[in-house]
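Input: a single structure, listed below in structure tokens.
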Amino acid sequence: MDYNKLAELLFPQIDKTPEDYEAMFPQRQNAAGGAVITRLGPSPTGFIHLGNLYGAFVDERLAHQSKAADGTPGTFYLRIEDTDDKRYVEGAVDTIINSLKFFGITFDEGAGCGQPDADGEPPYYQSKRGPIYQAFVKRLVSQGKAYPCFLTEEELADIRAQQEAAKETTGIYGKYAEKNRSLTYEEVEANIAAGKPYVIRLKSKGNQGPDGVVYIHVNDEIRGDVSMPANDQDVIILKASGIPTYHFAHVIDDHLMRTTHVVRGEEWLMSLPIHIELFEALGLEPPIYCHTAVLMKLDDETGNKRKLSKRKDPELSLDYYRQEGYHPQAVKEYLLTILNSNFEEWRMANPDADIDEFEFTTEKMNSAGALFDLNKLNDISKDVLLKIPADELADFLLEWAREFKPKAAPLLEDKEYLTKILNIGRDDAKPRKDLIYAKQIFDFISYFYDEYFVIEERIPEQVCDEDAKEILKRYLDTYDHSDDQSQWFEKIRTITADLGYAVKPKDYKKHPDEYKGSVAHVSTVIRIAVMGRSQSPDVWTIQQILGEDKVRARISELIG
RNA sequence: GGUCCUAUGGUCAAGCGGUUAAGACACCGCCCUUUCACGGCGGUAACCCGGGUUCGAUUCCCGGUAGGAUCACCA
């Protein structure tokens, strides 16, 4: 069989060679100098989730932390893996870029990144790289390393059924590949003339060595040495549509785009043998692989760990964090704590350092899947929000409200008021940490706005209704908005003592029979009248922000 | 089922042949306090099982078990 002739028959329109493309896309300057080149390769389904962000983070850190000999940083680019046209969703690329940008991850180049050509140059959309892939496939065919296969869906199904019945490995390999591997030129020509659809398969060298099964060994940056049986499947490299499969596109693109580190999910580990054989067949050097762990969650029903699922787990979607109003920085820091085990320690030692100063390493990555922990996220979020100045936080909250709570947004437009509210207890030596995410913050401060003010709790049982009324009446009578905090509290003490409550909570605790209750209970009545709830920051401070009119109005309302 | 990955408290995790087996979150108690929060102090809680190797295994090897991943003209 004349393979050159076959290649020409299959790809008459392809006139460029692999060498042409090598010359068109030469080695990058910075990669030659040791910088790390990474990429994100999402399919354009428009759904970008926490797992994507998790991986993107590794890519971004690895690239931007590395430096070439001359000091130029590595490159992180976006490549759209749209080899499956069924998956394409309109506007998906923008969604991807914007979602990641929200979390502070930006690309240096790639799809939608403002290259001269809107699509990027070289094309960063796999769907636009057809001729490139075909040039390499053509070369493989001409070397007898790949061949056209005319197996129909029915035939494939038959083979599969037969294999399953015999408990053999499924797929096209060994004897199952024979038929199409050994087609003559004339047969191929006739099939094509008859318009039969076909795919191009790799002619696998198999994995049988003189001593049994041959294993491949790969040094994964995260997992260390990984070994598994070499590939023996005649995998499809070019689909009937002329578009390559992921496997082939990965090999060609990451080589031509000079990716040095391929960061991808653990789910790709099992196809590594295919990629290794492909690189070998093409005479190319494989990149360094980093297979990251999958994000897990405890299943409510089974109690077992399982992969976060798009359908069942809203927290997988990045939209979830935007809707709840998590600050991107909080999500980022949380991800980093599960990504690099020493980050948390570093953060404690360097509470104010920029996140970029943390030295991210693949050695500190865990290869087992981490369980997603909302508690931890919330805890981290408290610290993150504390470091953000109140006025910035006000902007963040307003922005969130405009999108997700439009009815409340106009109230938050009064930025001075909002900033004061958010600043309560923040500039102390021991600042409060009760702000977690926008939705929670809004609920937390809602009583500052009459439109959302409601009495949520009942007065403590130690205080009877008459006393409660009396407390509020006296409080209102003696209320002077210009009192400082100690003057204000002195008046509460007076009321407390006059009505037979203990001024010192300890006294009440020691002698519960001698008092009706303590100053704590009296204060709680006031709290509920003014804030509608028994738990809040300092009452005096809140009243100063609320303003005299609101304070008086709310108390008067209750006295009737 | 085949193949591969993983295995330390409820969760995230240090550890890399000899440790009282760190720390963080969560939980509980006490203190501070007009409530809550913050903070401080303290507490409950772990090396999956069985064989080896070794003077000695959480750590190394083998087997089991468990969990996860993967077996498409999807990525």
Protein-nucleotides 1-5 of chain B N/O pairs under 3.5 Å:
{"from": "C5(B)", "atom 1": "O2'", "to": "Arg223(A)", "atom 2": "NH1", "distance (Å)": "2.7"}

query = Residues in salt bridge (Lys or Arg N to Asp or Glu O under 4.0 Å) with Glu359(A), at least two apart?
reply = none

task = Please list all pairs passing the salt bridge (Lys or Arg N to Asp or Glu O under 4.0 Å) test where one or both residues lie in residues 244-255 of chain A, with sequence neighbours left out.
result = Arg39(A)-Asp254(A), Arg79(A)-Asp253(A), Arg79(A)-Asp254(A), Arg129(A)-Asp253(A)

task = Write down the distance between CD1 (Ile459(A)) and P (U35(B)), rounded to a whole number of angstrom.
result = 18 Å

query = Are the side chain of Asp484(A) and the backbone of Gln487(A) linked by a donor-acceptor contact shorter than 3.5 Å?
reply = yes

request  = Indicate whether OP1 or OP2 belonging to A14(B) is found under 4.0 Å from a side-chain N or O atom of Ser341(A).
outcome  = yes

ask   = Which residues, if any, of residues 535-542 of chain A bring a heavy atom under 4.0 Å of RNA chain B?
value = Gln535(A), Ser536(A), Pro537(A), Asp538(A)

ask   = How long is the line joining OH of Tyr289(A) and C1' of A69(B), in whole Å?
value = 17 Å

note = Listing for RNA chain B: consecutive Watson-Crick or G-U pair runs of at least 3, distance cutoff 3.5 Å, ranges ordered by first number, gives B:1-7 with B:65-71, B:10-12 with B:23-25, B:27-31 with B:39-43, B:48-52 with B:60-64

note = From CE of Met365(A) across to P of A13(B) the rounded distance in Å is 10 Å

query = At under 4.0 Å, does any side-chain N or O of Asn366(A) touch on OP1 or OP2 of A13(B)?
reply = yes

task = Grab the CD-P distance between Gln543(A) and U35(B) for me, whole Å please.
result = 16 Å

request  = In plain terms, say whether Asp428(A) and Lys430(A) are close enough for a salt bridge, that is, a side-chain N and a carboxylate O under 4.0 Å apart.
outcome  = no

task = Could you tell me the separation between the CD atom of Glu363(A) and the C1' atom of C16(B), rounded to a whole number of Å?
result = 14 Å

key: Side-chain N,O (Lys506(A)) to OP1/OP2 (U34(B)) below 4.0 Å   = no

Polar atom pairs (N or O), protein with nucleotides 39-41 of chain B, under 3.5 Å:
{"from": "G39(B)", "atom 1": "OP1", "to": "Lys433(A)", "atom 2": "NZ", "distance (Å)": "3.0"}

key: Nucleotide A75(B), atom P - distance to CD1 of Ile96(A) in whole Å   = 15 Å

inquiry  = Quick check for you: among G23(B), U35(B), A72(B), whose closest atom lies nearest to any side-chain atom of Arg160(A)?
reply    = A72(B)

query = Restricting to pairs with a member in residues 371-385 of chain A, which pass salt bridge (Lys or Arg N to Asp or Glu O under 4.0 Å), not counting sequence neighbours?
reply = Glu344(A)-Lys376(A), Asp383(A)-Lys433(A)

inquiry  = Using modelled atom types and a 3.5 Å cut-off, is there a donor and acceptor pairing between side-chain atoms of Trp540(A) and backbone atoms of Ser486(A)?
reply    = no

query = Between Ser446(A) (side chain) and Asp443(A) (backbone), is there a donor-acceptor pair under 3.5 Å?
reply = yes

ask   = Which part of the nucleic acid, if any, lies within reach of Lys364(A) when heavy atoms closer than 4.0 Å are counted: base, sugar-phosphate only, or nothing?
value = sugar-phosphate

ask   = Hey, does Leu151(A) reach any base, or is it just sugar-phosphate, or nothing, if we go heavy atoms under 4.0 Å?
value = base

ask   = Which class fits the ring pair Tyr289(A) and His291(A): parallel under 30°, tilted 30 to 60°, perpendicular over 60°?
value = parallel

Dump the pairs, protein N or O against N or O of nucleotides 25-28 of chain B, anything under 3.5 Å, distances to one decimal.
{"from": "C25(B)", "atom 1": "O4'", "to": "Lys376(A)", "atom 2": "NZ", "distance (Å)": "3.3"}

message = Going by the rule side-chain contact (heavy atoms from CB on, under 4.5 Å), which residues pair with Ile192(A) if we only count those two or more places apart in sequence or in a different chain?
response = Leu9(A), Leu10(A), Phe150(A), Val188(A), Tyr198(A)

query = Hey, is the side chain of Ser534(A) pairing donor to acceptor with the base of U35(B) inside 3.5 Å?
reply = no

inquiry  = Ring-plane angle category for His247(A) and Trp268(A), please: parallel below 30°, perpendicular beyond 60°, tilted otherwise.
reply    = perpendicular

Lys128(A) NZ/CZ over Tyr125(A) ring centroid, <6.0 Å and within 45° of normal = yes

message = Nearest to the side chain of Arg527(A), heavy atoms from C-beta on, is which of A75(B), U34(B), C36(B)?
response = U34(B)

key: Pairs touching residues 267-277 of chain A that satisfy salt bridge (Lys or Arg N to Asp or Glu O under 4.0 Å), sequence neighbours left out   = none

task = Assess whether atom NZ of Lys387(A) is packed by more than 12 heavy atoms of other residues, nucleotides or ligands within 6.0 Å.
result = yes

note = Side-chain contact check for Ile236(A): nearest option of C73(B), A13(B), C32(B) is C73(B)

query = Does the ring of Phe489(A) meet both stacking tests against the six-membered base ring of U34(B): centre distance under 5.5 Å and plane angle under 30°?
reply = yes

Just list the side-chain donor-acceptor pairs under 3.5 Å for residues 211-219 of chain A, sequence neighbours left out, or say none.
{"from": "Asn219(A)", "atom 1": "ND2", "to": "Asp225(A)", "atom 2": "OD1", "distance (Å)": "3.4"}

note = Against the side chain of Trp488(A), the closest entry in U34(B), C73(B), A14(B) is U34(B)

ask   = Can you name the residues that form a salt bridge (Lys or Arg N to Asp or Glu O under 4.0 Å) with Asp467(A), not counting sequence neighbours?
value = Lys516(A)

inquiry  = Counting only side-chain nitrogens and oxygens, does Arg426(A) get under 4.0 Å of the OP1 or OP2 atom of A37(B)?
reply    = no

ask   = When rounded to the nearest Å, what value does the distance between P atoms of A24(B) and A14(B) take?
value = 15 Å

Donor-acceptor pair, side chain of Thr152(A) and main chain of Glu155(A), under 3.5 angstrom = yes

ask   = Where the side chain of Thr95(A) meets the backbone of Gly91(A), is there a donor-acceptor pair that is under 3.5 Å apart?
value = yes

